[in-house]
Amino acid sequence: QVQLVESGGGLVQAGGSLRLSCSASGRTFSSHAMGWFRQPPGKERQFVAAINWSGSRTYYADSVKGRFTISRDNAKNTVFLQMDSLKPEDTAVYYCAARQGVVDYREYDYWGQGTQVTVSS
């Protein structure tokens, strides 16, 4: 069982940066692939980024590639999403997710409660 808690969301102007954190409970965090997803207002949840268990491989949606960076610290059971050059269309509730095994773009076993990110123009 893995419990996930996101933090770091907020209101930022276009062009600004935010760093999201996701703290995980459980001793098996390092064996889980981690992902970030987002759900904009009135839209379905979207894949944003993912990272494998060791941090050696990362994956990004085309819409955030070159602007967002996912990373993890297994010693601290934490995964991060550094978001730079933010745009109003990045406004969404951002969710952290975990799954055992390899990275997936949709199917995850555990989800956090989400953190709101709002980018003003």
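Connection of F80 to V48 is not established within any shared hydrophobic cluster, with ILVMFWY side chains joined at heavy-atom distances below 4.5 Å, either directly or through further cluster members. Both I70 and F68 are part of a single hydrophobic cluster, where members link through side-chain heavy atoms under 4.5 Å apart. Residues Y108 and L20 are members of separate hydrophobic clusters, defined by side-chain heavy-atom contacts under 4.5 angstrom among Ile, Leu, Val, Met, Phe, Trp and Tyr. No chain of hydrophobic side-chain contacts below 4.5 Å, direct or via other Ile, Leu, Val, Met, Phe, Trp or Tyr residues, connects V79 to F37. In the hydrophobic clustering of ILVMFWY residues, with side-chain heavy atoms under 4.5 Å counting as a link, V93 and V64 come out apart.
Within the structure, every pair that satisfies the disulfide bond (SG atoms under 2.5 Å apart) test and touches residues 53-121, not counting sequence neighbours, is listed here: C22-C96.
Between the side chain of S25 and the main chain of Q3, a donor-acceptor pair closer than 3.5 Å is present. Side-chain atoms of N77 never come within 3.5 Å of backbone atoms of F29 as a donor-acceptor pair (strictly under, hydrogens ignored). Put simply, the side chain of R57 never gets that close to the backbone of W53: no donor and acceptor are under 3.5 Å apart. At least one donor-acceptor pair under 3.5 Å links the side chain of T115 to the backbone N or O of G9.
One finds the CZ atom of R99 at 12.0 Å from the CE atom of M34 (value rounded to the nearest 0.5 Å). Atom OG of S7 and atom OH of Y94 lie 15.0 Å apart (nearest 0.5 Å). Rounded to the nearest 0.5 angstrom, K43 NZ and R38 CZ are separated by 9.0 Å. In this structure, CD in E107 is found 9.0 Å from CG in D109, a value given to the nearest 0.5 Å. The OG atom of S85 lies 7.0 Å from the CZ atom of R67; values are rounded to the nearest 0.5 Å. With rounding to the nearest 0.5 Å, the separation of OH in Y60 from CH2 in W36 is 12.5 Å.
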Check the pair V117, T91 against side chain to side chain contact (heavy atoms under 4.5 Å, CB included), reporting the backbone distance first and the verdict last.
CA-CA 5 Å; V117 171; T91 294; 5.9 Å; no

Derivation of the side chain to side chain contact (heavy atoms under 4.5 Å, CB included) call for L81 and T69
CA-CA 6 Å; L81 185 68; T69 304; over 6 Å; no

Set out, in order, the CA-CA distance, both residues' side-chain angles and the distance that settles side chain to side chain contact (heavy atoms under 4.5 Å, CB included) for V103 and I51, then state yes or no.
CA-CA 7 Å; V103 165; I51 189 167; 5.8 Å; no

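Salt bridge D62/K65: present, at least one basic N to carboxylate O contact under 4.0 Å.
A 6.0 Å sphere centred on CD of E89 holds more than 12 heavy atoms belonging to other residues, nucleotides or ligands.
What you find for S121 and A14 is that their closest heavy atoms are CA-CB, 4.4 Å. Of all non-hydrogen atoms in A98 and L4, the two that sit nearest each other are N-CD1, 3.8 Å. Contact record, Q100 with H32: CG-NE2, 3.2 Å, taken as the closest heavy-atom pair. When every heavy atom of A24 is checked against every heavy atom of V2, the shortest pair comes out as CB-CG1, 4.1 Å. When every heavy atom of E6 is checked against every heavy atom of Y95, the shortest pair comes out as OE2-CA, 3.4 Å. Here the closest non-hydrogen pair linking R72 and S54 is CD-C, 4.4 Å.
Using modelled atom types and a 3.5 Å distance limit, the side chains of S17 and D84 yield a donor-acceptor pair.
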